[in-house]
**Student:** 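Handing you this structure, nothing more for now.
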Amino acid sequence: MSTESSILGNVSLSSDRLRTIALYVGLYGTAGLFLIPYWYMFATSLMTRELVYSEVPHLIPWDLTLYWYDYLLTSSLVVQWTGNTIILAGITTLVVILVDAMIAYSLTRLDWPGRRVIFGVIVASFMVPGIINLVPVYIIVSELGLVNSIWGVVLPSAANPLGVFMLVQFFKDLPEELEEAARLDGFSRLRIFTHIVLPLMRSALAALGLFIFIWTWNSFVWPLLILQSESMYTLPIGLVTLQENMGVTEPGVIMTSAVIASVPLLIVFLVMQKQLVRAVEMQGTTK
Amino acid sequence: MSKTNTTASVTFENVRKVYSDDFVAIDGFDATIEDGEFITVVGPSGSGKSTLLRMVAGLEEITGGDVRIGSESIKGVEPQDRGIAMVFQNYALYPHMTVRKNMSYGLRLTTALSEEEIDQRVRETAEMMGIEDQLDDKPANLSGGQQQRVATGRAIVRDPKIFLMDEPLSNLDAKLKVHMRTELQRLQEDLGTTTIYVTHDQHEALTMSDRIIVLNEGELQQFAPPEEVYNTPANRFVADFIGSPAMNFFDVELHGTTLVSDGFEYEIPSSIVDTITTVDTTSDLELGIRPEDITYDASGDNTITAVVEVVEVAGSDNFIHLDIEGSECRVRVSGGLKPTVGEEVQIAFDPADIHLFNAAGENLLAGLSDTAVPEVPTESEEAA
Amino acid sequence: MSKTNTTASVTFENVRKVYSDDFVAIDGFDATIEDGEFITVVGPSGSGKSTLLRMVAGLEEITGGDVRIGSESIKGVEPQDRGIAMVFQNYALYPHMTVRKNMSYGLRLTTALSEEEIDQRVRETAEMMGIEDQLDDKPANLSGGQQQRVATGRAIVRDPKIFLMDEPLSNLDAKLKVHMRTELQRLQEDLGTTTIYVTHDQHEALTMSDRIIVLNEGELQQFAPPEEVYNTPANRFVADFIGSPAMNFFDVELHGTTLVSDGFEYEIPSSIVDTITTVDTTSDLELGIRPEDITYDASGDNTITAVVEVVEVAGSDNFIHLDIEGSECRVRVSGGLKPTVGEEVQIAFDPADIHLFNAAGENLLAGLSDTAVPEVPTESEEAA
Amino acid sequence: TGFVGGSSDGIEYWTLFSGGDGEVMKSMVNEINDDYDFQINRQRVPWDEHYRRLYTSMVGGNPPDIAVMHSRMMNEYQDNLVSVTDEIGTEPYLTDVAQGGMVDGEQLAVPIDTHPLGLYYNKEIFEEAGLDPEKPPNTPDRFHEAAAAIIENTDYYAFDFPEGEYHAETMWMLLHGRGGKVLTDDYEPAFDTPDGRAVVQEMHDWVHEREWAPVDPTAGWEAWNRGELGMKIEGTWHVTIVREAGFEFGMTKPFVMPGADNPVTIGDSHTLIIPQSEERDRKRLENAIETIRLLSQQFNDRWGRNAGHLPASKAALKSDSLRTSNTWEQTLGVFHDMVNNDQFIRPPATPNVEEYTEAIYQPLDDMRAGNISPDEMIKTAVNGVEQAFNRR
Amino acid sequence: MAQSTQQTDADGSGLDRSKSMTREWIAGATFSLPYILIAGTFLFGPLVLALYMSLHDWNALAPAQSQFIGFENYQILLSDPDFWNALWNTFYFVFLTVPPIIIGSLLLALGVNRDVKGKWLLRTIFFSPYVLTVAVVGLLWTELFNASGLIPYHLGGGNWLTSPELAMPGIAVATIWWQLAFNFIILLAARQNVPDRLYEAAKLDGASTGQMMRHITIPQMRNPLVFVVIVTFVNSFQVFGQPFIMTDGGPTFSTTTIVLYLYETAFTGREFGYAAAVGYVLFMILIAISATNYYFLAGDDQ
Ligand SMILES: Nc1ncnc2c1ncn2[C@@H]1O[C@H](COP(=O)(O)OP(=O)(O)OP(=O)(O)O)[C@@H](O)[C@H]1O
Ligand SMILES: Nc1ncnc2c1ncn2[C@@H]1O[C@H](COP(=O)(O)OP(=O)(O)OP(=O)(O)O)[C@@H](O)[C@H]1O
Ligand SMILES: [Mg+2]
Ligand SMILES: [Mg+2]
């Protein structure tokens, strides 16, 4: 080792610094680009009509108004739609979690013939593009008299293969001894499920629940088909009805409705990001 | 299991366990555990220890044979009705319940006791275990030793006729393990409950139990008090498995009264020769001798020449690895002794300490040693 | 590091490591490791052992002081240019590469050797380690011992001046650990490469090393050959940490030539008293005595009365836990001895075996013992 | 109401009206609900989704009791509609318009309006360009002059016309004025003719040759709303929107195609239909028919006055309330004039209406965006229309 | 306790065994029943019905009058230029989105994994589009691409969505912005799961940053990468909402993707049987694509 190597050391240090600078520029630059659509959305929703219709796009709403919000909140059922969406997403989430958790428990913890095959089929059903089924499911749902009923929306999405898949991974990690201890304590299967498995899997269930909640909140085509009365609409459908005015588009209305549709979820996202990240990670580790 | 049946002996009758993949985990197991005994089951990993225990608990089906508690078969009896309680390796405490709930849950579900009675029993047990201050904590907030105590307490509170413990101490660190070992031992002596204790740690087995069951590949190797297992192993497997560092083994042939191996010759008394010559062949024997039974740097007749290979310093003792013409031999010497590697040395051992095994691994001197070591069984409570 | 610098001594000069969270992991560490020495670093978890090693390897920056290999500072030298090779606790084998690729990867990246030369070196090393048949396997398909050999082989193949090993054996089971221990030891003797070996297992430290570095909370406690560490611990920490079962300690005061504790009195020779009385206070001392230095069932003067509490049977030896008026004391006795619990007994020990510590934990008899045990240092290769 | 209740009482009535005409329909329905002894549940379905939903509801066997339908859409549904020939008949309505609901002599749909295209213009810009704001550009020549003057004398665009579906209708309108057709009676494309080429060329030139209209329709729409665009082809409904834009406007006949001997406007009409359903009882059906009668007759003048569409009911058209209204003066008078003078056509009900319309307007939009030439446009559209009918 | 009756069948080991096994079977079946019923009714039943429909000239309003025509729908499909156009557009979209989404999310994940300040903020920003509904994404970007919108204003090109050259890239950009999040999170987690010690070993072996990337990071992240690649392919092949909202397939069908085409033939053209056939062809393509990906990316493992 000599002066030579210490020069080398210096060089590598400064190239390190360069690399760090490039890293920061790259990451924060990309982050900035990512934020532009949001900014545009919020800014436009606060602009006056003149600004919205002006010839050049404005990024800074120097003339602020709450006109569009006022318009949407007073002349539409936005509040009710929000409530509907919460109820629908909430019920769907609960049903999915219950149904998926039950079968996941049965697949991981109970020994019965055919469970391997059933698990294989569930995994495979993951691949079915939902759109194939749109018409036949509609026919079946209307045969069952569930059109225009909340259950017509909830039930077709209640059997969620992804959820089963995620929960199976998690249930596998639950120590078998706990269940055995419970059996020695005289627990029935049902009691083990409700008193041991469900409480212990709380965080996994919460992660899955959040995922399902967001997914239901955002679903569009199916609720549109099933929910036929305006007072039952969910937020995404309702907002689309708003901007359809014989082909006329109002950017102010569009952006404001986009804000209204996304803000609740963005807030949920900020608050529960950890669980959501977990839910996504769960999927990544499933293969 | 009716309450009138108070004898908590456990009888295994030709018990067999085959897993669904046709794997035979336990085969032809016969044993009788007396009421109040502390029995340890040892054996290498996969030898079927847990399987045995879990069959008694009712967590695995019994494929063949029968297990009886007292005089009644346990077949068809629900786990919670067998009068047993189990302590698991990782405690299996319900993580979302307080210590109090952990301990009371089984009582609440399986007995008709009132809330107050349950509460009182839990409190008494917690006091006995020294965890009364932790009753309202969740298991995650307890130390390893406390968790262990809760797990044991949860078993005790149910006032079982039989304790089953599957490596209950293996998750503790060395110091705590020693401590809990003595604690469990005292407890069992106080309660007098029949206990079957699974471990793969021969140390625990030797220290704690009235009698030891040695299992290998699903078959019973020996069922005897600790000293007997140590001094008079039933076969080569037990001899090798029990004792640390392990016994030294040498392939030998018997020529007259001389054991001849590749590297040495060793004279044995004719009393031993008489015992051996009843067997088929005397050319395919194995000589076993424990490291602590070898005298290092001996002189006189019947000594063996060896070369020092490695010196292991272990503080209180040193272990010398010797090379006897290609066979390795470990000797325990006192901590002060530290020979140079390559040095040549004479070793010797008392014929009373040797073990001899035939090709099938049977201990040819088992009967002999039994008489030679009359103090076995000592203080075990077999007659209780 | 230029290739001409062939001396592989390692010098630590007032080395200091502060982690980004202002946590001082190593403080004022000074030591010199000679070329070819086998040095073990022991200490409890979190004491800074890995940190020390990783600074030498170049995986952590050195916050203060300097480390020199031979005569040149390693600061600013890239890890791969320091002439070191490291074996990690969990081996850190590349899971997606074959054994061959694992071993050749470093050579390919850092040397100008041709493919054939690399291949030959890998093959030679693999033969030396006995893994030539596994060269085309992936690490996941190897047993623990084989993985360990690959990890070591990967270090050896690079022909480093210094081996760094961070708990290389801690993932192996007990038997394999003993086996690999002697294997590594032999290997190091053959290659003569300076080795720094981190472990928290005092057994390994005592067995393997020329000298031992004992660390606690980032500070050097003692740097000496194994016997010295065992027989003449620099302080109470070392005394307690090294030796299993641990040394017994008693709080005592010196009255004249008598050590007075709550439960007993013990006479010591005046030569020892002279040494001690040079210290400030003689009322706040601790007496240490190892379990194997105690004579059980002694008679005569200067004996101590105790009650048997627990008997631990361990095969070759038994450990008796005694109660001396509230203080616990462990004694090692031979395997045959099995007293009844509750029995009263007399014990004794040789004043030459005692250790005395002041309130700061310093060993007051360190100098004395040094002369009393003249054979230290013995066969360590310090002068190489 | 809301989620938990659902809604099965009363007449289910699906409309696709939103915005201005949505409000009008709402108030009409509310009034009926207040004054009559049955209830109507009016459901507003998004414009895009209306027919998909209607069709799927019929597939699923739970259609509404009444739905709005454009008469050109009838073809797909005609086998599944309830005939009201006896209960309502064609008599009360403009003959031409009422014919849209007739299939094989059965009245399957009752019209409430017709909504042709007109040419709206910004009077303020006319003034600025030196044109007479009270002399609307109602012939091709006048239109041409006005556009040229606006380009010449102001900074504004001269003209704009719709994109999408109405882009195709605009072409149809211009083509028909020259005696052409979009489809033959056998549903073959009929616009690859000199007349067709002339129309397409003209539409192309508005944007790319004379630069009267901006390339991007959205830009045109926004400019119009800012008051920076001179003339715009839009439908009847536009009156409620342009009133909000805040400039003086007028409307005239959209006769902008040179060489059109019989200029026309085009307009479909909104009709009311009753899908067949097994679930519906007699009483309910009667109420549904009554509702249709009310909306298409009693309330029809209000529909014209407030929503801007030309009422289908003869009585409503003659009523004073309509004739004296602002809307009549601003737009409906002109539309009525065209209908009365045979300057009006309806797009016929054929199969695959939406598909072949899309096959035409997609290349038209593309041409306007400057991506393809008129010839390419025609070729693409001919292929597309053929494909739309040939697939099955 | 009350087991005296059961005590008697000491020889009934077979009986005992089957009894407790049966009990477990019943429990297993009971717990799975809700899912099986629901999936059977709303997933597998319809799938069979769709297949049945695809073999018919389906009359939706009067199913009884549907005619069995065998594979005719599939034959028509193969000679339908609109189908091929849609297929081609879909492949084009896949080509435009899959590589940027995968490479972009990988780069961002690796970048954020570095010891950068504001890691949490960056992760939040990159992940946030994940919660948006496709309607919002579509409308938002439609505004941005609009002739007077932000993007043409700064980058030129007029209204991207009405230009045949730029419409699909425009949709792709919106999709990338929206879909990157999912992969980003998975790859970030995957990167964090690569043990540090491997990098330490590689550092001692003298590997440069690039070499570590190639020899450690990528091979170690292979399974998540395979997952992400397959999922991205499958999603991109099924793209629907973005063109539906942003361009409605235009200009001149240049953004009509296969699912959009299916949707239009089903609900605009009302050719349900034909649409079902399109659906099944898409299904086959998805399976083939996933299998190919799996074979090439994960195939040589073991
Ligand atoms: N459910 C099972 N299905 C199939 N084989 C099993 C099952 N449980 C255990 N085995 C096998 O039976 C043998 C004995 O297992 P058991 O758990 O009783 O061993 P053990 O002695 O407790 O071992 P350890 O010391 O590792 O706990 C092992 O080979 C194991 O693989
Ligand atoms: N990257 C780091 N940042 C902050 N603190 C650290 C870091 N690495 C180690 N430490 C702290 O430094 C101290 C010494 O750690 P080190 O890993 O050297 O201990 P060790 O002696 O090797 O312990 P072990 O036996 O558990 O491996 C510990 O308290 C540890 O928490
Ligand atoms: Mg076990
Ligand atoms: Mg460490």
Side-chain angles (χ1 to χ4, degrees), chain C residues 1 20 50 53-60 74 77-98 101-113 118 137-141 147 150-152 154-155 157-158 160 162-168 171, chain E residues 102 106 109-110 112-122 186-230 293-302:
Chain C
M1 190 116 334
S20 50
S50 299
L53 206 65
R54 292 162 57 83
M55 284 193 287
V56 178
L59 297 173
E60 298 284 356
I74 57 175
V77 183
E78 288 293 319
Q80 70 266 29
D81 301 328
R82 294 186 180 192
I84 50 133
M86 186 153 170
V87 180
F88 293 84
Q89 170 170 356
N90 31 31
Y91 318 140
L93 297 175
Y94 308 124
H96 52 286
M97 300 184 188
T98 59
K101 283 203 79 180
N102 261 287
M103 291 175 68
S104 59
Y105 191 66
L107 287 180
R108 194 162 293 134
L109 291 182
T110 53
T111 66
L113 294 178
I118 289 177
D137 291 341
K138 295 255 175 89
N141 300 332
Q147 290 185 23
V150 175
T152 312
R154 182 172 68 173
V157 80
R158 299 193 53 199
I162 299 166
F163 280 136
L164 305 176
M165 307 198 182
D166 195 351
E167 314 204 10
N171 280 2
Chain E
I102 289 168
L106 182 61
L110 294 179
V112 172
N113 178 66
R114 292 293 195 91
D115 229 357
V116 289
K117 292 208 167 60
K119 220 176 190 148
W120 182 85
L121 181 69
L122 288 171
I186 287 181
L187 293 179
L188 182 59
R191 172 58 187 84
Q192 281 164 350
N193 283 340
V194 181
D196 281 343
R197 58 197 155 87
L198 292 186
Y199 293 97
E200 293 181 344
K203 201 167 166 189
L204 295 184
D205 271 345
S208 66
T209 314
Q211 284 163 331
M212 286 190 205
M213 173 86 180
R214 249 178 305 134
H215 298 139
I216 311 285
T217 310
I218 299 295
Q220 279 293 296
M221 290 172 65
R222 189 163 68 178
N223 284 349
L225 273 172
V226 170
F227 172 76
V228 153
V229 167
I230 289 178
N293 271 321
Y294 192 77
Y295 179 78
F296 279 110
L297 297 174
D300 60 317
D301 203 18
Q302 276 137 23

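Below, chains carry the letters A, B, ... as their sequence lines are ordered, and counting in each starts from 1.
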**Student:** Quick one: what part of R154(C) sits under 4.5 Å from any heavy atom of chain E, side chain, backbone, both or neither?
**Tutor:** side chain
**Student:** Tabulate, in ascending numerical order, the residues of residues 209-218 of chain E having at least one heavy atom closer than 4.5 Å to a heavy atom of chain C, or enter 'none'.
**Tutor:** Q211(E), H215(E), I216(E)
**Student:** Within the 4.5 Å heavy-atom criterion, are P139(C) and V150(C) side-chain neighbours or not?
**Tutor:** no
**Student:** Considering residues at least two apart in sequence or located in another chain, which fulfil the ring pair (Phe, Tyr, Trp, His ring centres under 6.0 Å) criterion with Y94(C)?
**Tutor:** Y105(C)
**Student:** When you compare the side chain of P195(E) with that of Q220(E), does any pair of heavy atoms fall below 4.5 Å?
**Tutor:** yes
**Student:** Are more than 12 heavy atoms, taken from residues, nucleotides or ligands other than K119(E), located less than 6.0 Å from that residue's NZ atom?
**Tutor:** yes
**Student:** Side chain, backbone, both or neither: which part of I84(C) has a non-hydrogen atom closer than 4.5 Å to chain E?
**Tutor:** side chain
**Student:** P95(C), A57(C), A85(C): which one forms the most heavy-atom pairs within less than 4.5 Å of chain E?
**Tutor:** P95(C)
**Student:** Taking the side chain as every heavy atom from C-beta outward, state whether M86(C) and R54(C) have any atom pair closer than 4.5 Å.
**Tutor:** yes
**Student:** Is any side-chain heavy atom of I162(C) closer than 4.5 Å to a side-chain heavy atom of R82(C)?
**Tutor:** no
**Student:** Going by heavy atoms in the side chains, are T152(C) and F163(C) under 4.5 Å from each other?
**Tutor:** no
**Student:** Is it the backbone or the side chain of N141(C) that comes under 4.5 Å from a heavy atom of chain E, or both, or neither?
**Tutor:** neither
**Student:** With a 4.0 Å cut-off, would you call R158(C) and D205(E) a salt bridge?
**Tutor:** yes
